[in-house]
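Just below is one structure, and these are the notes that go with it.
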Amino acid sequence: MSTSQLPPPSNFIRTIISEDLENGRREQVITRFPPEPNGYLHIGHAKSFSLNFGLAEDFSGQCHLRFDDTNPVKEEDEYVEAIKEDVSWLGFDWGDHLYFASDYFDQLYLWAVQLIKAGKAYVDSQTVEQMRETRGTLTQAGVDSPFRNRTIKENLELFEKMKNGDFPDGTHILRAKIDMSSPNMNLRDPAMYRILHAHHHRTGDKWCIYPMYDFAHGQGDSIEGVTYSICTLEFEDHRPLYEWFIKELGIFAPQQIEFARLNLSYTVMSKRKLLQLVNDKHVSGWDDPRMPTLVGMRRRGYPPEAIRMFCERIGVGKGASWIDLSVLEECVREQLNKSSLRRQAVLNPLKVTISNYPADKVEELDAPNHPQQPELGTRKLPFSHELYIDRDDFMEEPPKKFFRLGPGREVRLRNGYIIKCDEVIKDENGEVIELKCSADLDTLGKNPVGRKVKGIIHWVSASQAKKVGVRLYDRLFKEENPDKAANYLDALNPESVKVSTALVEPSLLNAEPGTTFQFERVGYFTVDSKDSQPGKPVFNRTVTLRDTWAKLK
RNA sequence: UGGGGCGUGGCCAAGCGGUAAGGCACCGGAUUUUGAUUCCGGCAUUCCCAGGUUCGAUCCCUGGCGCCCCAACCA
């Protein structure tokens, strides 16, 4: 299901697939999303799996979810479950096609033996350091390992012993016998299997040798009948190796296609760094609302449709591109504008007394839940002689383009009356602490004749307003590209969150965790799913509203 | 300096020899009890540069220039 009415935008991958289908080179489209379960998914992964699942949907094919769990020391079940949840959250469905690279360990082992028998693989007994030295450099050919010409029999025996656990980690390794002088480093006898006496999250202690990515990925694709193995650009140099294994093994050949990974400004995307942010407590966890993880965005209040829209909007190419964070935020606004109920909340209160309104009177005003969607109904908004407005909406000496409240000025109370500021009360320090106003009681639901009041401000009734916790989030990093700083941690935005309170209309007190409201004229706020208590919600600011006035200033 | 990629407006991105889609941003203007939303209009004589082929080139060729990736028993 596409999030937009428009046909999916054309891109080079779609073009390749369409052509293959037309000329009969392929008959169906099978893609796959192959995360390693060693961390939480982030927005960059969303780009990848939206592409893979999207392509499968568009061409009536199938997209598999396959966990690339070939490195047991980094992988955990916790991540497997989290990843499944995130993919589902965005609305994608892998059906019965849930796989693990570890499902193929037996087959992979057999294939390794097959290559040894064919003289295409050998057991190397050099140390890591020796291998590094003999591999050569980017401009210098490598040299053959002294173990390169072991007999097939010897290799078979050694590999079997590796499997049986006769050797400690790091003592031997199975390598493909390709070309130590290849200009492509990946072809200089790449590692196929390493010894790792480690417990695997799924296969337990069955194995003490594990296949490398390069020896597992293409074969996994092949076994599953994946027709298009779509990955990021850094694997371009691996493609010849991917194809080499497929060819030598004589198995079904998927096509690997590479696209540019997502770069988002004011964000870091590397798992290592995200993990460090969590471990070093720069954020509260993987699901901190400032994190670029899907769990973080969910908690922040980003709707899944917005993330889908974002992925579609940014397109797919091969050039290293940088997307501005504001593009994502704009998608969030676009989505939330349609779906969020409107409420009033004051973040920075300034007391207002309506002098011509009875002190003991409380009126229940009707306010629409959504101005463009009357079918969403209305709610009651209490009004009394004592209110709070936002300090930003009053200026003692307003500039010409300011059309909010000022001494002697008139303004519309959103969903209420027009009021006029008669008197400004200050404390001993000269700070404004209260405004005395008078209301034009004939302006409820209608405009006065003979004068136009342009300004509209939000407010809450003092005695009925409820105080709630709010967290005002901003971008996690202050630098556009945190990786350009000497240390990306130096680029952290010290003001990425401000913990504060807000006075809100009473109906908000029982809001369900996870729901998002628009605090009119302020922004979108989501009831935090972790820290809210029944009757005691805590609000996360998801994103502010567009503010052309702030830009004017 | 070996190999693999990429260069289209501020940011993405179509186009694949016939005379520059679209989105976002931006700038006008209209509507509006959110300076929000919505709506209407504007926004590349030019596709990294220089030559060449062609009636015609962003698309083909040659040569430059710039940027990204690769030397884990990570993925």
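Since we're looking at a predicted model, the values are computed, not measured. Each chain gets a letter, A, B and so on, in the order the sequences are listed, and its residues count up from 1. All values below come from the heavy atoms of this structure, side chains included, with hydrogens, waters and symmetry mates left out.
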Quiz item: Of A:I456 and A:Q140, whose nearest nucleotide on RNA chain B comes first from the 5' end?
Solution: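 Its nearest nucleotide being more 5', the pick is A:Q140.
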Exercise. Please list, chain by chain and in numerical order, all residues satisfying salt bridge (Lys or Arg N to Asp or Glu O under 4.0 Å) with A:R66, sequence neighbours excluded.
Key: A:D221, A:E224
Contact class for [X] (heavy atom, under 4.0 Å): base, sugar-phosphate, or nothing?
X      : result
A:G445 : base
A:L138 : base
A:D124 : nothing
A:G416 : base
A:M131 : base
A:T137 : base
A:F12  : sugar-phosphate
A:V316 : sugar-phosphate

Side chains of residues 398-405 of chain A: which donor-acceptor partners sit under 3.5 Å, not counting sequence neighbours?
from	atom 1	to	atom 2	distance (Å)
A:R404	NE	A:D393	OD1	3.0
A:R404	NH2	A:D393	OD1	3.3

Has [X] got a side-chain N or O lying under 4.0 Å from the OP1 or OP2 atom of [N]?
X      : N     : answer
A:T15  : B:G15 : yes
A:T70  : B:A75 : yes
A:R135 : B:C73 : yes
A:K551 : B:C26 : yes
A:T443 : B:U33 : no
A:R521 : B:G35 : yes
A:T548 : B:A36 : yes
A:R194 : B:C74 : yes
A:R175 : B:A72 : no

Exercise. Using only heavy-atom distances, decide whether a donor-acceptor pair under 3.5 angstrom links the side-chain of A:Q372 to the base of B:U38.
Key: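 Donor-acceptor pair under 3.5 Å: no.
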Exercise. Rounded to the nearest angstrom, tell me the gap between atom CG in A:D392 and atom P in B:U34.
Key: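 To the nearest whole Å, that distance equals 19 Å.
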Quiz item: Atom CZ of A:F33 to atom C1' of B:A75: distance rounded to whole Å?
Solution: 12 Å
Quiz item: Where the side chain of A:N71 is concerned, which of B:A75, B:G35, B:C73 is the nearest nucleotide?
Solution: B:A75
Self-check item: Sole candidate of A:T542, A:L336, A:V543 that passes side-chain contact (heavy atoms from CB on, under 4.5 Å) when paired with A:T526
Solution: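 The side-chain contact (heavy atoms from CB on, under 4.5 Å) with A:T526 is passed solely by A:T542 among A:T542, A:L336, A:V543.
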Exercise. Mind telling me if B:A14 is syn or anti? Syn here is a glycosidic angle within 90° of 0.
Key: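 Base orientation: anti.
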Quiz item: Are the ring centres of A:F259 and A:F12 closer than 6.0 Å?
Solution: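 Here the rings of A:F12 and A:F259 have centres that are no less than 6.0 Å from each other.
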Quiz item: Has A:W549 got its ring stacked on B:G35, by the test of a centre gap below 5.5 Å and a plane angle below 30°?
Solution: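 The ring of A:W549 is stacked on B:G35.
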Quiz item: Got more than 12 heavy atoms from elsewhere within 6.0 Å of CZ, A:R261?
Solution: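 Atom CZ in A:R261 is not crowded, with 12 or fewer foreign heavy atoms closer than 6.0 Å.
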Quiz item: Where do A:Y302 and A:E329 land on the side chain to side chain contact (heavy atoms under 4.5 Å, CB included) test, with the steps shown first?
Solution: CA-CA 9 Å; A:Y302 286 13; A:E329 291 173 338; 4.3 Å; yes
